[in-house]
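Atom set for the values below is all heavy atoms of this structure, side chains included, hydrogens, waters and symmetry mates excluded. Keep in mind that this is a model prediction, so the values were computed, not measured.
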Amino acid sequence: MDYATTLDYLYGLQRFGVKLGLHNMQTLCRRIPSLQKPLACVHVAGTNGKGSVSMMLAEILRHAGLTVGLYTSPHLLCFNERIRINGTPVSQDQIIHYAEIVRRAAAGIPATFFEVTTAMALLAFRQQPVDIAVIETGLGGRLDATNIIHPQLCLVTPISQDHAEQLGESLSAIAGEKAGIFKPGVPVVIGKQPPEALAVLRERAAACGAMVVQAGADYCWQGEGDTIDFALHGECLDRLPCPLAGRHQKDNFAQAIAAAMGLRKQGVPIPDLAVRSAGRTTVWPGRLEWLGAERKVLTDVAHNQAGMASMVAYLEEVGLHRVQLIVGLSGGRDPEKVLLPLEKIAGAVYAVPISDGNGIAPSRIVTWAHAHQLKAKACDSVVAALEEALQHADVSHPVVVCGSIYLVAELQQCLRAGQFRFLRDCSDCC
């Protein structure tokens with residue numbers, strides 16, 4: 001197969017939808033001998049921030065001189081982004097190679113897109129090989145395809161309501177699914193949590209005999225501006241540069257640092273300088289990312305209520321209000337719940353469809369906006385919405401593109417194609 005044919009094969013697996021369970025992964029591991037080899041790894045679950053924490057931790061480990069695998073999802077611009085080694089997406093030739101091995105092993109199995117992609121990542125990290133891998137869950141934890149691994153550290157980032165149809169309506173139910181990644185005796189680093197979720201996580205960790213390092217209780221941070229002072233059990237790191245914008249990203253960075261210190265206690269050589277260096281070099285596109293020197297367009301992949309609230313908190317922190325919102329949502333999300341935090345900072349709302357075809361109708365977003373006395377309009381595309389929104393935007397009232405990662409990706413693709421050159425030039429990641 002060539003690269004295009006490989007992608008056709010992979011995306012064609014989406015017809016199997018989302019299937020929670022480990023049977024297919026167990027079968028693939030039996031059929032692919034390489035997947036039976038030990039893999040030093042960290043497992044990261046949660047609702048919001050798990051990709052950011054994973055990326056930050058991987059950068060810390062890379063600066064410590066380790067060869068580091070990173071598996072995240074979904075990708076923003078190209079499939080290769082999902083599987084990285086030392087910060088670099090694997091090549092197209094490598095994607096072809098790993099996909100072919102897994103495709104043959106999956107004969108007769110209704111393996112899903114995420115299961116095959118996960119097997120490819122685990123195969124890549126063994127064949128390269130890496131010193132350690134950071135593995136982000138896809139959906140949930142207990143029955144997630146990534147839960148086939150045996151990590152030396154588990155992380156749970158903030159939990160909120162999302163994917164209720166698969167994970168449950170209550171925070172306690174969702175937390176129970178996320179805690180399914182816990183393994184007997186494997187330490188757990190728990191990020192900032194609602195009390196209902198925290199109680200479940202601590203209960204499940206105790207049942208596994210897992211030592212817990214908890215935000216607020218065992219580690220904390222403080223600071224204003226672009227730096228934080230971090231402390232864990234009396235060990236302090238001062239004036240650390242924080243790589244990503246927003247108070248929630250400082251929470252995420254602190255959790256990544258706590259994880260790195262947990263690995264250091266296990267004998268992984270991670271100097272303080274690696275943490276400081278990662279604070280300068282971590283890049284995670286589409287997360288409160290300003291486009292262009294004029295700072296008139298901000299993109300963020302916030303797609304649930306908690307994520308939207310974090311984005312709004314950032315806008316308020318930097319003194320921005322009455323922004324021009326371009327919004328598109330995917331999945332079965334309720335606009336009334338997801339978009340509620342946006343009410344107090346919106347000047348106008350431009351609702352757009354999602355390119356993957358599984359989006360919320362723009363008319364539903366317009367209905368929500370009108371119900372909250374906001375100006376709103378349905379647009380055919382993010383390009384049309386941006387062209388109109390920019391006519392009413394300035395540095396005090398910028399355009400904010402938020403919602404589905406597919407929406408932010410579509411905008412990024414337009415930039416790469418040469419549209420809106422005054423924002424910034426974008427290079428192909430592949």
Residue list, ring pair (Phe, Tyr, Trp, His ring centres under 6.0 Å) with Y11, at least two apart or on another chain: F113
Under a 4.0 Å N-O cut-off, is there an ion pair linking R239 with D226? no
Flag, side chain of E177 to backbone of L143, donor-acceptor distance under 3.5 Å: no
Note, M120 side chain near L10 side chain (heavy atom, < 4.5 Å): yes
For residues I149 and N147, determine if any side-chain heavy atom of one lies less than 4.5 Å from a side-chain heavy atom of the other. no
Quick one: does any side-chain atom of Q412 pair with a main-chain N or O of A409 as donor and acceptor, under 3.5 Å? no
Could you walk me through whether I101 and H97 satisfy the side chain to side chain contact (heavy atoms under 4.5 Å, CB included) test, starting with their C-alpha distance in whole Å, then the side-chain angles of each, then the deciding distance to 0.1 Å, before giving a yes or no? CA-CA 7 Å; I101 292 174; H97 172 67; 3.5 Å; yes
Using modelled atom types only, decide if a donor and an acceptor are shared between the side chain of Q249 and the backbone of G246 within a distance under 3.5 Å. no
Heavy-atom distance under 4.5 Å between the side chains of S170 and E196, does that happen here? yes
Expected output: side-chain T137 to main-chain L139 donor-acceptor under 3.5 Å: no
pair V134-C41: side-chain heavy atoms closer than 4.5 Å: no
Smallest separation among heavy atoms of T227 and P241, with atom names: CG2-CA, 4.1 Å
Can you check side-chain hydrogen bond (donor to acceptor under 3.5 Å, both in side chains) on E59 and T281, steps first, answer last? CA-CA 8 Å; E59 273 293 278; T281 63; 2.5 Å; yes
Does the pair S277 and R280 meet the rule for a side-chain hydrogen bond (donor to acceptor under 3.5 Å, both in side chains), with working shown? CA-CA 5 Å; S277 298; R280 297 189 182 98; 4.6 Å; no
Where do C29 and I148 land on the side chain to side chain contact (heavy atoms under 4.5 Å, CB included) test, with the steps shown first? CA-CA 9 Å; C29 286; I148 200 73; 3.7 Å; yes
Straight-line distance of L35 CG to M25 CE, nearest 0.5 Å: 7.0 Å
Is the closest side-chain donor-acceptor distance between T27 and N24 under 3.5 Å? no
Verify the neighbour count for atom NZ of K192: are there more than 12 heavy atoms of other residues, nucleotides or ligands below 6.0 Å? no
At their closest point, which heavy atom of M56 faces which heavy atom of A278, and how far apart are they? O-CB, 4.3 Å
With heavy-atom distances below 4.5 Å as the criterion, would you say the side chains of V338 and H303 are in contact? no
Would you name the heavy atoms of P362 and V352 that are closest together and state the gap between them? CG-C, 3.6 Å
Between E289 (side chain) and L298 (backbone), is there a donor-acceptor pair under 3.5 Å? no
Non-hydrogen side-chain atoms of L240 and D229 separated by less than 4.5 Å: no
Might you point out which heavy atoms bring A245 and Y314 nearest each other, and give the distance in Å? CB-CE1, 3.8 Å
Worked verdict on N252 versus Q255 for side-chain hydrogen bond (donor to acceptor under 3.5 Å, both in side chains): CA-CA 5 Å; N252 291 337; Q255 186 172 9; over 6 Å; no
Donor-acceptor check, side chain of R276 to backbone of D238, threshold 3.5 angstrom: yes or no? yes
Can you tell if the side chain of N80 reaches within under 4.5 Å of the side chain of Q92, non-hydrogen atoms only? yes
Can you list every pair that meets side-chain hydrogen bond (donor to acceptor under 3.5 Å, both in side chains) and has a residue in residues 202-211, with sequence neighbours left out? R202-Q214
Within this structure, what is the SG-CD distance for the pair C78 and Q413, rounded to the nearest 0.5 Å? 8.5 Å
What pair of heavy atoms forms the shortest contact from L28 to A119, and how long is it? CD1-CB, 4.1 Å
Kindly indicate whether the side chain of I32, heavy atoms from C-beta on, has any atom under 4.5 Å from the side chain of R104. no
To the nearest 0.5 Å, what is the distance between CD1 on I257 and CG on L232? 10.0 Å
Applying salt bridge (charged side-chain N to carboxylate O under 4.0 Å, His left out), run through E235 and K265 and close with a yes or a no. CA-CA 12 Å; E235 187 174 357; K265 286 185 177 180; over 6 Å; no
Take K178 and D144, measure what salt bridge (charged side-chain N to carboxylate O under 4.0 Å, His left out) needs, and give me the verdict at the end. CA-CA 9 Å; K178 306 292 185 183; D144 188 81; over 6 Å; no
Donor-acceptor contact below 3.5 Å, side chain R264 vs main chain I270: yes
Is there a donor-acceptor pair closer than 3.5 Å between any side-chain N or O of K183 and the backbone N or O of I181? yes
Looking at Q222, I want to see if its CD is surrounded by more than 12 non-hydrogen atoms of other residues, nucleotides or ligands under 6.0 Å. no
For Q94 and S91, which I'm curious about, is there any donor-acceptor pair between the side chains at under 3.5 Å? yes
Whether the side chain of T157 engages the backbone of G191 through a donor-acceptor N/O pair (distance < 3.5 Å, no angle test) should be reported. no
Got a second to check how far R62's CZ is from L70's CG, nearest 0.5 Å? 11.5 Å
Apply side chain to side chain contact (heavy atoms under 4.5 Å, CB included) to residues T282 and F253 and explain how you reach the verdict. CA-CA 10 Å; T282 301; F253 190 34; 5.8 Å; no
Heavy atoms of other groups near D380 CG, more than 12 under 6.0 Å: no
For D131 and T67, indicate whether the former's side chain and the latter's backbone hold a donor-acceptor pair under 3.5 Å. yes
Measuring from L201:CG to I190:CD1, what's the distance to the nearest 0.5 Å? 5.0 Å
Give, for atom OH of Y71 and atom CD1 of I135, the distance between the pair rounded to the nearest 0.5 Å. 8.5 Å
Salt-bridge contact R247-E316 (side-chain N to carboxylate O under 4.0 Å): no
Heavy-atom pair of closest approach, residues I85 and A124: CD1-O, 4.4 Å
Between E336 and Q305, does the side-chain hydrogen bond (donor to acceptor under 3.5 Å, both in side chains) criterion hold? Intermediate values first, please. CA-CA 9 Å; E336 182 64 36; Q305 189 178 62; over 6 Å; no
Working for side chain to side chain contact (heavy atoms under 4.5 Å, CB included), residues L407 and T299: CA-CA 9 Å; L407 176 63; T299 62; over 6 Å; no
